[in-house]
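Below is one structure, written out as structure tokens, with a few remarks after it.
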Amino acid sequence: MNRTDIRETLDEESIRLTKSLGQNLLHDQNVLRRIAKAGDLSPTDKVLEIGPGLGALTAHLLPAVSQLTAIEMDRRLEAKLRERFGEEPHFDLHHYDALKFFATGEAKDTDWSDWKLISNLPYSVASPLLVDLAGMPRGPKRLVVTLQLEVAQRLCAIPATKEYSKLTLLVGCRYEAGEMFRISPHCFFPEPRVDSACLTFHRRAKPLFDDALYPPFKTVVKRAFSQRRKMMRKNLKGGWPDDKIDAAMSATGLDVKIRAEKVTLVQFVELTQRLHDE
Ligand code: SAM
């Protein structure tokens with residue numbers, strides 16, 4: 001679907017796109033092909049697509065895979081998608097809020113480890129969704145996500161930079177960031193005000209910790225970054241006895257004055273293990 005097709009379809013159906021649902025539809029066919037290529041698809045692949053919109057990316061993915069499950073929150077677009085792809089036996093469409101879908105109920109406990117998630121994500125949903133996917137013990141093996149460039153930079157950030165944040169760690173603990181490419185606003189209709197990027201993640205083949213350690217890891221990271229300018233030790237206070245915090249930091253080789261933004265992922269894992277030790 002090029003820009004004209006999108007405009008015509010929306011006009012025919014009197015659909016006005018909704019800003020709050022992050023409805024910036026991709027129309028650049030080169031970019032869409034490049035996103036599909038980043039999925040490294042094979043005919044046996046199962047793919048999840050969040051927010052298929054009018055199906056611009058879906059059309060590139062569907063012929064290449066054995067199953068495509070799509071989740072779209074807008075009923076008007078859902079109807080158009082059913083018209084366009086409803087006859088395809090391996091296309092499965094759900095009308096859901098993707099955040100609720102993954103955070104609660106069946107999907108949360110489903111084994112997605114055999115799936116790839118390939119999506120042009122609604123911007124407001126991207127960060128919480130990626131954290132939820134990383135929080136699942138059996139999340140998708142590969143993520144190919146289009147998101148705001150600024151969010152992509154936070155996801156790939158290294159310690160001691162302003163981009164290094166909770167998001168970097170909560171996603172990075174389960175996924176390694178791979179290839180990234182920039183996408184200009186001109187590739188979307190309507191054009192967003194910011195640049196975008198497509199980023200590929202691979203689920204860590206060797207987990208950094210046991211599943212049971214994920215909830216305490218999340219707590220430690222959230223507390224550590226609760227006030228970025230403060231020393232991490234002060235932020236952690238109250239969560240654990242002071243002497244336990246001091247002992248855990250010292251055993252991890254962390255200076256008492258260090259700020260969270262300088263602590264590496266591996267150090268956060270070690271710190272969590274030590275704080276969690278009975
Ligand atoms: N994939 C399409 C494309 O590239 O042209 C559309 C991408 S657009 C950035 C985001 C899509 O996500 C929209 O279709 C929007 O309706 C849908 N959406 C927004 N919030 C959602 C949510 N919480 N759950 C599922 N879909 C959502």
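Both ligands and their constituent atoms are indexed starting at 1 by order of listing. The structure presented is a predicted model; accordingly, all values stated were derived computationally and were not measured.
For atom 23 (N) of ligand 1, the closest non-hydrogen atom on the protein side is Asp97 OD1, 2.9 Å. The single protein non-hydrogen atom nearest to atom 11 (C) of ligand 1 is Gly51 O, 3.4 Å, given as residue, atom name and distance. The shortest contact between atom 2 (C) of ligand 1 and any protein heavy atom is with Pro52 O, 3.2 Å. When hydrogens are left out, the protein atom nearest atom 5 (O) of ligand 1 is Leu26 N, 3.0 Å; that is the closest non-hydrogen contact.
The closest side-chain heavy-atom distance from Tyr123 to Val125 is not below 4.5 Å. Looking at heavy atoms from C-beta onward, Lys141 lies out of side-chain contact with Trp112 at the 4.5 angstrom threshold. Residues Glu78 and His95 meet the side-chain proximity criterion, which asks for heavy atoms closer than 4.5 Å.
For the residues Met73, Glu72, Arg75, the heavy atom positioned nearest atom 15 (C) of ligand 1 is part of Glu72. Ranked by closest heavy atom to atom 18 (N) of ligand 1, the top entry among Gly55, Ala70, Pro122, Gly22 is Pro122.
Heavy atoms from both the backbone and the side chain of Leu21 come within less than 4.0 Å of ligand 1. With a heavy-atom cut-off of 4.0 Å, Thr58 does not touch ligand 1 at all. Contacts between Ser124 and ligand 1, counted as non-hydrogen atom pairs separated by less than 4.0 Å, are absent for every part of the residue. Only the side chain of Glu49 comes within contact range of ligand 1, with a heavy atom under 4.0 Å; no backbone atom does.
In summary, Arg82 and Glu88 do not engage in a salt bridge, as defined by a charged side-chain N under 4.0 Å from a carboxylate O. With respect to Arg228 and Glu261, a salt bridge is recorded, a charged nitrogen being found less than 4.0 Å from a carboxylate O. Comment: Asp246 engages Arg233 in a salt bridge, judged by a side-chain N to carboxylate O separation of less than 4.0 angstrom. A salt bridge does not link Arg154 with Glu163: every distance from a Lys NZ or Arg NE/NH1/NH2 to an Asp or Glu carboxylate oxygen is 4.0 Å or more.
Checking only distances, Asp74 never comes within under 3.5 Å of ligand 1, N or O to N or O. Between Ile50 and ligand 1, not a single N/O pair is under 3.5 Å apart.
For ligand 1, the atoms closer than 4.0 angstrom to any heavy atom of Gln23 are 13 (C), 15 (C), 16 (O). Residue Asn120 has at least one heavy-atom neighbour below 4.0 Å for each of these atoms of ligand 1: 1 (N), 3 (C), 4 (O), 7 (C), 9 (C), 10 (C). In summary, the atoms of ligand 1 found under 4.0 Å from a heavy atom of Leu25, numbered by their order in the structure, are 5 (O), 6 (C). Every atom of ligand 1 is numbered from 1 in the order shown, and the set under 4.0 Å from a heavy atom of Tyr96 is 24 (N), 25 (C). Applying the 4.0 Å criterion to heavy atoms of Ala98 picks out, from ligand 1, the atoms 22 (C), 23 (N), 24 (N), 25 (C). Interface of Ile71 with ligand 1, defined as ligand atoms under 4.0 Å from a residue heavy atom, comprises 25 (C), 26 (N).
Residues Ile50 and Leu147 share a single hydrophobic cluster, defined by chaining ILVMFWY side chains whose heavy atoms lie under 4.5 Å apart. Phe268 is connected to Leu208 through a chain of hydrophobic side-chain contacts under 4.5 Å among Ile, Leu, Val, Met, Phe, Trp and Tyr, so both are in one cluster. Follow the hydrophobic side-chain contacts under 4.5 Å out from Met232 and you reach Val220 in the same cluster.
Every heavy atom of Leu57 sits 4.0 Å or more from the atoms of ligand 1.
The aromatic rings of Tyr96 and Phe101 lie tilted to each other, with the angle between the two planes from 30° to 60°.
Checked against Met249 for a side-chain contact (heavy atoms from CB on, under 4.5 Å), the options Val263, Leu271, Asp255 give a single hit: Leu271.
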